[in-house]
Amino acid sequence: MRKLRVGGSVRSALAMAVLGLGASAFAASADRMHLTDEPGNWFRSEATGTPLSVIDRGERVDFVIGGCCTNTRHTVTLLLKPPGSAVIMDQDSSQNGTLSVQFDVPGVYVFVCKIHPYMTGVVAVRDSSGAIPDVTAESLPFIGHLGASSLPASTVLSVMTTVAATDEDKLAKWDILSAADEFRPAIPGVGEIWVNTQFERVPGQVDSGGVAKPGTITVVDAATFSVEREINGIGAGGMWNNPHNMWANFAHDVIYNANWFGKWINKIDRQTGAILSSVTVGEAPTHVITIPTPGSNQFGWLTIPLSADKELVKVTDSPSGLSKVDARPTGAGRNHPHGHWLTCGFGDRVIVPNVFKGVGLAGSISIVETLTGNVLKEFTYDASDPIRSALLMPLAAGECHVRGVHKAYIANAVSGFITVMNVDEQRLERNIPVTYTPDGLQGMNILHSLQVPIQTPVSPDERWVAVAVLSLTTIPRGPANSADHVAIIDTRTDQVVKVLSTPAGTHGVNWGAKLGGGYYAYVTNQHANVLSVIDPDPNGDGDATDASVVGQLLLANGSAGAGVTDGTGGQGVKPLPLTHDGWIQPTVAMVGTGALSQEVEGWISLLTDDQKNPAGHLERRVNPVFFAIPRGTQHSGGLQDLFLSDDRLLRIRAGAPMPGDETAASIIVIGNSPTDSPDILRLVIETAVTSRAIRIDTEMLDAATHNWVLIDSRPAPRDETQITLNITENPARFVEPGTGQMRMRLRFVVTGITGGSWRAHIDQAVWDVITHN
């Protein structure tokens with residue numbers, strides 16, 4: 001076993017095993033493959049100029065990250081190798097440098113980047129006769145599902161959509177369509193649809209080193225479903241590379257854009273397309289979401305995962321431009337977070353998929369406090385757990401409250417499952433299969449299906465999840481008989497109720513308002529030049545079995561020099577106005593204030609009442625108006641420190657327990673419900689104690705009997721922990737008729753030897769009062 005060179009150093013996480021080869025085999029490199037930012041040519045061989053390197057057994061290939069060809073860090077990860085090969089290649093984190101592999105067995109080796117999983121490189125190793133052996137079903141189980149035991153390497157490469165270096169290759173493997181293939185929905189949408197056409201070639205668009213970088217933003221008018229303009233990064237001062245995902249500010253006059261193959265966020269004037277400013281945030285920023293938490297000093301801040309690092313970054317926007325103000329890890333160790341989502345409504349928690357943690361494909365999912373950055377819970381991969389065994393390269397999350405309970409849907413790239421999470425109870429509930437093998441099987445990993453679920457947004461009316469499933473080949477399969485598809489999940493049953501055929505490279509999905517009510521799912525396709533439009537419920541009967549693709553919009557608009565890449569690479573998609581609960585309401589509140597442009601005011605005027613408040617229920621945050629401390633003494637802090645999860649604490653110094661009652665500290669908080677008859681009361685408590693052997697009991701006062709009712713009892717946490725409790729059974733009993741008064745009591749009870757004086761810390765104690773429409 002030899003250790004692998006990484007930029008001249010040795011990393012124990014990287015290793016290459018060589019069978020029957022002496023040290024002399026390392027004398028020279030047969031080829032160098034540069035990892036690049038070029039679509040379809042992400043691993044570029046110096047010998048062939050393509051993602052294919054052809055060498056002989058025993059020869060070495062050097063993989064080069066950095067320098068001329070890429071603006072961010074990557075991994076070189078061996079995904080597929082011939083039977084009998086002992087070659088191992090992987091990294092526990094992204095990096096720059098040179099990684100060298102000596103190949104021991106003739107056959108086909110496929111490499112990917114775990115940061116950007118569609119980056120693909122192929123090394124074909126010839127045998128002693130000069131031939132490249134067939135790819136077997138043993139090394140690539142997908143072939144077995146085609147009914148073959150092996151296939152020629154040339155056949156396998158001919159159907160891989162991620163290996164497409166030239167325009168000729170793209171024309172052969174991608175869906176490069178024309179106006180004749182376009183059709184438009186019968187019912188218009190509202191506003192605009194912004195699409196990251198990430199792979200489009202732009203002459204003169206270069207980085208600071210003068211190297212050409214791809215990507216545009218294509219803006220579609222939702223009223224006419226036609227391209228109205230295109231934005232490029234020529235004016236970004238070299239801070240533009242593969243624009244990947246976007247968000248808007250609440251006034252909808254600014255768009256924020258993340259550059260996945262770079263280090264930057266751009267601030268773009270929505271109406272003119274001018275790039276107003278850019279900021280360096282870190283390695284490979286992916287998605288952007290603003291913080292909607294009411295009353296917070298972080299309202300409107302941007303949250304951005306760094307997928308080639310371990311952190312979630314926060315950025316502020318001021319008249320002087322964008323500024324990075326915070327960066328916190330999204331889990332233990334190296335996390336590589338990708339497509340996050342904030343909880344609908346208040347945005348007080350962030351659901352973060354951590355793509356991989358160390359060598360291999362195992363990842364995790366974290367729940368993070370939005371304002372503090374504290375990790376509330378991290379679910380890590382566990383091969384023996386029936387749910388966590390699916391957490392193989394979690395890529396993206398969608399989230400909303402379904403019948404008052406916050407639920408998240410997380411796409412796992414390698415396992416092919418969508419993991420469902422109860423965010424309030426911090427519990428994983430189930431896995432939903434969404435990929436298919438060629439013979440129609442489900443529940444099998446990427447080597448069997450060669451399909452990858454990516455984005456999973458929940459519709460603003462809480463009814464549907466649209467899952468974009470990208471295929472790495474051109475081979476059709478599944479009930480839609482297509483290589484790529486969108487799976488529609490019914491949130492009431494968490495079952496797939498419809499699978500719809502979509503063009504090559506289906507990647508991004510988001511929901512936009514449909515004129516007259518309801519929503520369209522707008523679907524981007526990275527290996528096509530079109531945007532798909534899905535109506536999940538055309539007849540409005542609450543049944544998505546009739547969901548259909550009602551539009552296919554051509555994004556190619558004749559851009560000079562783009563050639564075959566015109567309108568291609570669709571990934572991030574942002575319909576405006578932002579219709580998600582928590583984000584649309586602040587925009588609606590600006591109507592008539594002068595804060596919105598006439599155009600945006602016009603969009604809002606076209607929304608229905610449900611679209612202006614799309615929760616499917618009314619959810620109001622109730623802060624306490626008074627507190628009392630029956631046991632113990634107030635050490636520091638006050639009433640307002642109970643409102644937000646912001647590390648501003650009310651501290652209670654524990655007293656001596658009374659005979660017959662081991663309660664050493666307690667607090668009663670009083671709030672006023674806006675309704676006497678809530679459907680759900682959610683208690684949100686964040687607390688910690690400074691001693692062992694303490695229990696926390698959470699109680700609510702029954703307004704009719706005036707008795708305290710125990711809602712929850714658990715060991716009090718030593719580290720600050722958020723506790724969310726949903727009261728669904730007769731919650732109205734805790735609301736005093738007429739006044740709406742509610743009383744919550746937290747009791748800190750001694751259960752053993754505490755070891756001296758101690759304090760209880762309370763960061764938050766509030767209610768969410770939920771009524772269904």
Side-chain angles (χ1 to χ4, degrees), residues 116-118 161-162 174-175 193-199 244-246 260 286-287 338-341 353 355 393-399 408-420 432-436 442 446 449-459 464-473 476-480 482-489 491 496-512 519-536 544 547-553 555 568-575:
H116 313 86
Y118 51 70
T161 53
T162 54
W174 295 6
D175 286 331
I193 309 144
W194 284 58
V195 179
N196 282 124
T197 33
Q198 187 170 323
F199 296 164
H244 181 65
N245 227 289
M246 301 162 288
W260 193 16
T286 57
H287 293 219
H338 194 98
H340 69 317
W341 202 275
V355 179
M393 292 188 67
L395 275 184
E399 200 279 346
Y409 295 80
I410 300 95
N412 298 289
V414 170
S415 69
F417 285 100
I418 305 302
T419 298
V420 184
I432 306 170
V434 293
T435 61
Y436 295 88
Q442 287 195 278
I446 191 172
S449 70
L450 292 184
Q451 286 183 327
V452 178
I454 303 184
Q455 292 189 14
T456 59
V458 183
S459 62
W464 321 109
V465 181
V467 181
V469 179
L470 177 147
S471 175
L472 303 177
T473 77
R477 80 289 306 254
S482 62
D484 298 73
H485 64 263
V486 168
I488 303 295
I489 296 173
T491 59
V496 174
V497 293
K498 189 74 171 182
V499 176
L500 299 165
S501 173
T502 46
T506 296
H507 184 116
V509 189
N510 219 322
W511 298 91
Y519 300 90
Y520 285 133
Y522 294 107
V523 182
T524 60
N525 306 284
Q526 67 183 44
H527 299 145
N529 59 354
V530 294
L531 176 73
S532 305
V533 185
I534 290 175
D535 191 331
S548 61
V549 179
V550 296
Q552 184 168 273
L553 314 178
L555 298 178
T568 67
Q571 294 187 36
V573 53
K574 199 59 54 189

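Only heavy atoms go into these numbers, but all of them, side chains included; no hydrogens, no water, no symmetry mates. Heads up: numbering here begins at 1 and tracks the sequence.
S459 OG to I489 CD1: the interatomic distance, rounded to the nearest 0.5 Å, is 11.5 Å. Note that OG1 of T506 is 9.0 Å distant from CD of Q526, once rounded to the nearest 0.5 Å. Going from atom CG of N525 over to atom CH2 of W174 covers 12.0 Å, rounded to the nearest 0.5 Å. One finds the NZ atom of K498 at 7.5 Å from the OG atom of S548 (value rounded to the nearest 0.5 Å). How far NE2 of H507 is from CD of Q571: 4.0 Å, rounded to the nearest 0.5 Å. Here the CD1 atom belonging to I410 is positioned 14.0 Å from the NE2 atom belonging to H338, to the nearest 0.5 angstrom.
The aromatic rings of W260 and Y118 lie perpendicular to each other, with more than 60° between the two planes, well past the 30° mark.
With a 4.5 Å cut-off on side-chain heavy atoms, V452 and L395 count as touching. Side-chain contact between Y522 and V533 is present, with at least one heavy-atom pair separated by less than 4.5 Å. Between T502 and S482, the closest side-chain pair of non-hydrogen atoms is not below 4.5 Å. Here the side chains of I534 and V523 are in contact, with some heavy-atom distance below 4.5 Å. With contacts defined as side-chain heavy-atom distances shorter than 4.5 Å, the pair V467/I418 qualifies. The shortest distance between side-chain heavy atoms of H287 and W341 does not fall below 4.5 Å.
Evaluation of the side chain to side chain donor-acceptor pair (under 3.5 Å) rule for Q451 yields no partner, not counting sequence neighbours. By the side chain to side chain donor-acceptor pair (under 3.5 Å) test, Y520 pairs with no residue at all, sequence neighbours left out. In this structure, S415 has no side chain to side chain donor-acceptor pair (under 3.5 Å) partners at least two apart in sequence or on a different chain. Take V497 and apply the side-chain contact (heavy atoms from CB on, under 4.5 Å) test, not counting sequence neighbours, and it matches I488, D490, A544. Judged as a side-chain contact (heavy atoms from CB on, under 4.5 Å), and not counting sequence neighbours, the contacts of P476 are N481. Residues forming a side-chain contact (heavy atoms from CB on, under 4.5 Å) with T197 (at least two apart in sequence, or on another chain): V195, E200, T216, T218, L555.
When atom types are taken as modelled, the side chain of T456 and the backbone of Y409 share a donor-acceptor pair closer than 3.5 angstrom. H485 contributes no side-chain N or O that, together with a main-chain N or O of R477, makes up a donor-acceptor pair within less than 3.5 Å. For D484 (side chain) and S471 (main-chain N/O), a donor-acceptor pair under 3.5 Å exists by modelled atom type. Formation of a donor-acceptor pair under 3.5 Å by the Q442 side chain with backbone atoms of P433 is found in this model. Of the possible donor and acceptor atoms, none in the side chain of N510 sits under 3.5 Å from a partner among the backbone N and O of K574. Proximity of a side-chain donor or acceptor of W511 to a complementary backbone N or O of P457 within less than 3.5 Å is detected. Judged by distance alone, with hydrogens and angles left aside, the side-chain atoms of Q455 form a donor-acceptor pair with the main-chain N or O of V509 at under 3.5 Å.
Nearest heavy atoms, L500 versus A547: CD2-O, 3.4 Å. In terms of heavy-atom proximity, G512 sits nearest to P575 at CA-CB, 3.7 Å. Closest heavy-atom contact between P394 and P353: O-CB, 3.5 Å. G339 approaches T286 most closely through the heavy-atom pair N-OG1, 4.5 Å. Considering every non-hydrogen atom in both P503 and S532, the closest pair reads CD-OG, 3.3 Å. A504 approaches D175 most closely through the heavy-atom pair N-OD2, 2.8 Å.
In summary, the side chains of N196 and T524 do not present any donor paired with an acceptor at a separation below 3.5 Å, with no hydrogens or angles considered.
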